2 protein chains.
Amino acid sequence: MIRVALIEDDADIRDNLMLIIDRAEGFSCRQAFSDVQEAGKSLLNDPPDVLLMDITLPGKMNGIEGVEFLRAAGATFETIMLTVHQEEKLVFDALCAGACGYLTKNTPPNRILDALREAHRGGAPMSTQIARMVVDSFKRTPPPALSEREREVLAELCQGKSYKMVADALYISQDTVRTHIRSIYRKLEVNSKSEAVAKALKERLI
Amino acid sequence: MIRVALIEDDADIRDNLMLIIDRAEGFSCRQAFSDVQEAGKSLLNDPPDVLLMDITLPGKMNGIEGVEFLRAAGATFETIMLTVHQEEKLVFDALCAGACGYLTKNTPPNRILDALREAHRGGAPMSTQIARMVVDSFKRTPPPALSEREREVLAELCQGKSYKMVADALYISQDTVRTHIRSIYRKLEVNSKSEAVAKALKERLI
DNA sequence: GTGCGGGTCGCATGAACATGCGATTCGGAG
DNA sequence: CTCCGAATCGCATGTTCATGCGACCCGCAC
């Protein structure tokens, strides 16, 4: 039996979802709230297995802040965001905050039940466009023509190392490190260590 | 009709997959290879809709290098990795290289067909554990207690800016930037700009 | 009201870094 | 063969940064 809780401000949608889930085989849904504050204590005292939460909520906390808050307060249940929004930023913010799944509101009821099951057994349910968005965020841009050695040096820099530490790690002199870094700066079109590190990490060049 | 190609070195598995896919309603599978070199020309001349590729391949290129190579050569079809390996590093390397999906070899035939359909309509098919791995990689660690202003400064540093540029951007003096950065270093337990940037970007503190 | 942390600013010193101009060796492309 | 890029090293100069030691104001908690 998978125990589900809801946080959704639209009473119609909330009641509807509650009914659908509670009547489904293998599910129970006895907790439904319209905002995170109200939900907090109840969810922490009697934690569900999975929480289904809207992203746009009234009150001080939206859904994303909500996940963050609940997790900080010790919640260990899985949270799935359920929303009309498909903007990349919201998706990534939600996942960063700790949501394990992300569904759009046009998801048919049986898909929602599938998602609840999947979240409960440790998966990460999301609609196909969202999944693609997430996967695409990993895609590396065309290799920026750094030489093997330069990539090694850059990787060391991304560990936060100084010239001296890089030199020691690669068994070369600081002057050689300097030379490599010069080339890296030219190729990446930057002119400081932290700028290079920032670019390397953001564009996954390492 | 979804045209599928295979790259898989085990002849039994390859032939078996080819049969399963080619006989399935709505699919054709007429291209199957045992290594990337061999496959390259054929796949570029007569591109399939989806490529299903093993990750451990004989020859110079493994599956991950293979995706990279094919994409660099102009391939635009979707690639799904099919493998026994579930190590995080391989999964992320594959997605970074440009694979859109990732299945483990114990995936039953009908799930493979689902995955092919999903990839074809722009999704990102992967097994549940993999999806969770991917989603978890986004999770932010507990906010390390940086103040609002410190986060702002850190964010500027992550743009690769110098003290002076940060000062200008935030309308404060360089000395104040210095003070904030001092606090940031203390809280993040680092002692250089690039180390702070590296930590901030890796742990998604911004 | 006495702290304490955040935010603002200042100065001074030594270390780390950026950059310019060298050099040698080696392998591969033309 | 000759040129070029990659990799190694050196030196010198000026800039940026790290850090230590101050200061003041504010709001909030105790």
Side-chain angles (χ1 to χ4, degrees), chain A residues 60 65 69 72-73 142-202 205-206, chain B residues 37 60-61 65 68-69 72-73 142-203 205-206:
Chain A
K60 298 194 239 340
E65 294 159 340
F69 167 73
L146 290 184
S147 76
E148 183 55 30
R149 202 56 164 166
E150 285 158 3
R151 266 194 301 277
E152 285 176 44
V153 171
L154 186 54
E156 297 290 338
L157 290 190
C158 290
Q159 314 283 316
K161 296 189 181 174
S162 67
Y163 284 25
K164 166 144 188 42
M165 291 159 83
V166 175
D168 290 349
L170 300 182
Y171 304 107
I172 55 183
S173 81
Q174 288 191 49
D175 280 313
T176 302
V177 173
R178 236 183 276 284
T179 306
H180 286 309
I181 289 180
R182 246 188 283 254
S183 308
I184 294 171
Y185 286 1
R186 183 171 37 79
K187 292 181 182 175
L188 297 192
E189 302 174 75
V190 300
N191 47 16
S192 80
K193 220 168 56 134
S194 53
E195 210 180 338
V197 169
K199 187 152 192 169
L201 290 177
K202 284 184 193 162
L205 308 181
I206 40 95
Chain B
Q37 280 86 7
K60 300 193 235 344
M61 260 184 277
E65 293 160 339
E68 210 147 16
F69 167 73
L146 290 185
S147 76
E148 183 54 31
R149 204 56 166 162
E150 285 158 3
R151 266 194 301 277
E152 285 176 46
V153 171
L154 186 54
E156 297 290 337
L157 290 190
C158 290
Q159 314 284 317
K161 296 188 180 175
S162 67
Y163 284 24
K164 166 143 189 42
M165 292 159 83
V166 175
D168 290 348
L170 300 183
Y171 305 106
I172 54 181
S173 81
Q174 289 189 48
D175 280 312
T176 302
V177 173
R178 236 183 275 285
T179 306
H180 286 309
I181 289 180
R182 243 187 284 254
S183 309
I184 295 172
Y185 286 0
R186 182 171 37 79
K187 293 180 182 176
L188 297 192
E189 302 175 75
V190 300
N191 48 14
S192 81
K193 223 170 51 139
S194 54
E195 209 179 340
V197 168
K199 186 152 193 170
L201 291 177
K202 284 183 192 163
E203 305 190 6
L205 308 180
I206 39 94

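Convention: sequence-line order gives letters A, B, ...; per-chain numbering from 1. Heavy-atom basis, side chains included; hydrogens, waters and symmetry copies ignored. Predicted model only: the values in this text are computed from it and were never measured.
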Item to complete: Check whether any side-chain nitrogen or oxygen of B:His180 sits under 4.0 Å from OP1 or OP2 of C:dG6, and answer yes or no.
Response: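 For C:dG6, neither OP1 nor OP2 has a side-chain N or O of B:His180 closer than 4.0 Å.
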
- Query: Would you say B:Ser147 reaches C:dG7's phosphate, i.e. side-chain N/O to OP1/OP2 under 4.0 Å?
  - Reply: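 Checking C:dG7 against B:Ser147, a side-chain N or O does come within under 4.0 Å of OP1 or OP2.
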
When rounded to the nearest 0.5 angstrom, what distance separates OH in A:Tyr163 from OG1 in A:Thr176?
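Between atom OH of A:Tyr163 and atom OG1 of A:Thr176 there are 12.5 Å.
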
To the nearest 0.5 Å, how far apart are CG in B:Leu154 and OG in B:Ser183?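 Going from the CG atom of B:Leu154 to the OG atom of B:Ser183 covers 12.0 Å.
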
Indicate yes or no: at least one non-hydrogen side-chain atom of [X] is less than 4.5 angstrom from one of [Y].
X        : Y        : answer
A:Gln174 : A:Arg178 : yes
A:Glu195 : A:Glu189 : no
A:Leu170 : A:Arg149 : yes

Checklist entry - Among the nucleotides D:dT8, C:dT8, C:dC11, which one has an atom lying closest to any side-chain atom of B:Thr176? => result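 The answer is C:dT8.
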
**Item:** Listed nucleotide nearest any side-chain atom of A:Ser173, set D:dG10, D:dT8, C:dG7
**Value:**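 The nucleotide sitting nearest to the side chain is D:dG10.
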
Check your understanding: Would a distance-only check, ignoring hydrogens and angles, find a side-chain to backbone donor-acceptor pair under 3.5 Å from A:Tyr185 to A:Lys193?
Key ->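 Looks like yes, one N/O pair under 3.5 Å.
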
- Item | Between the first and last five pairs of the helix from C:dG1-D:dC30 to C:dG30-D:dC1, the angle of the axes, rounded to 10 degrees |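 Comparing the axis at each end, I get an angle of 40°.
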
Not counting sequence neighbours, which residues clear salt bridge (Lys or Arg N to Asp or Glu O under 4.0 Å) with A:Glu156? List them please.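 A:Glu156 satisfies salt bridge (Lys or Arg N to Asp or Glu O under 4.0 Å) with A:Lys161 once adjacent residues are dropped.
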
Euclidean distance, atom [atom1] of residue [X] to atom [atom2] of [N] [Å, nearest integer]:
X        : N      : atom1 : atom2 : value
A:Arg149 : D:dC9  : CZ    : C1'   : 13 Å
A:Asp168 : D:dT8  : CG    : P     : 14 Å
A:Asp175 : D:dT13 : CG    : C1'   : 14 Å
B:Leu146 : C:dG6  : CG    : P     : 10 Å
B:Leu157 : D:dT16 : CG    : C1'   : 13 Å

As a quick check of understanding, evaluate side chain to side chain contact (heavy atoms under 4.5 Å, CB included) for A:Ile181 and A:Val166, giving each step before the final call.
CA-CA 11 Å; A:Ile181 289 180; A:Val166 175; 5.9 Å; no

If each of A:Tyr171 and A:Arg186 is mapped to the nucleotide of DNA chain D with the nearest heavy atom, which maps nearer the 5' terminus, i.e. the 5' end?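 Result of the comparison: A:Arg186.
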
For nucleotides 13-30 of chain C, 5' to 3', base contacts (B), sugar-phosphate-only contacts (S) and non-contacts (-) with protein non-hydrogen atoms under 4.0 Å give ----SSBBB---------

Kindly determine whether B:Cys158 and B:Leu201 satisfy side chain to side chain contact (heavy atoms under 4.5 Å, CB included), including the steps that lead there.
-> CA-CA 7 Å; B:Cys158 290; B:Leu201 291 177; 4.1 Å; yes

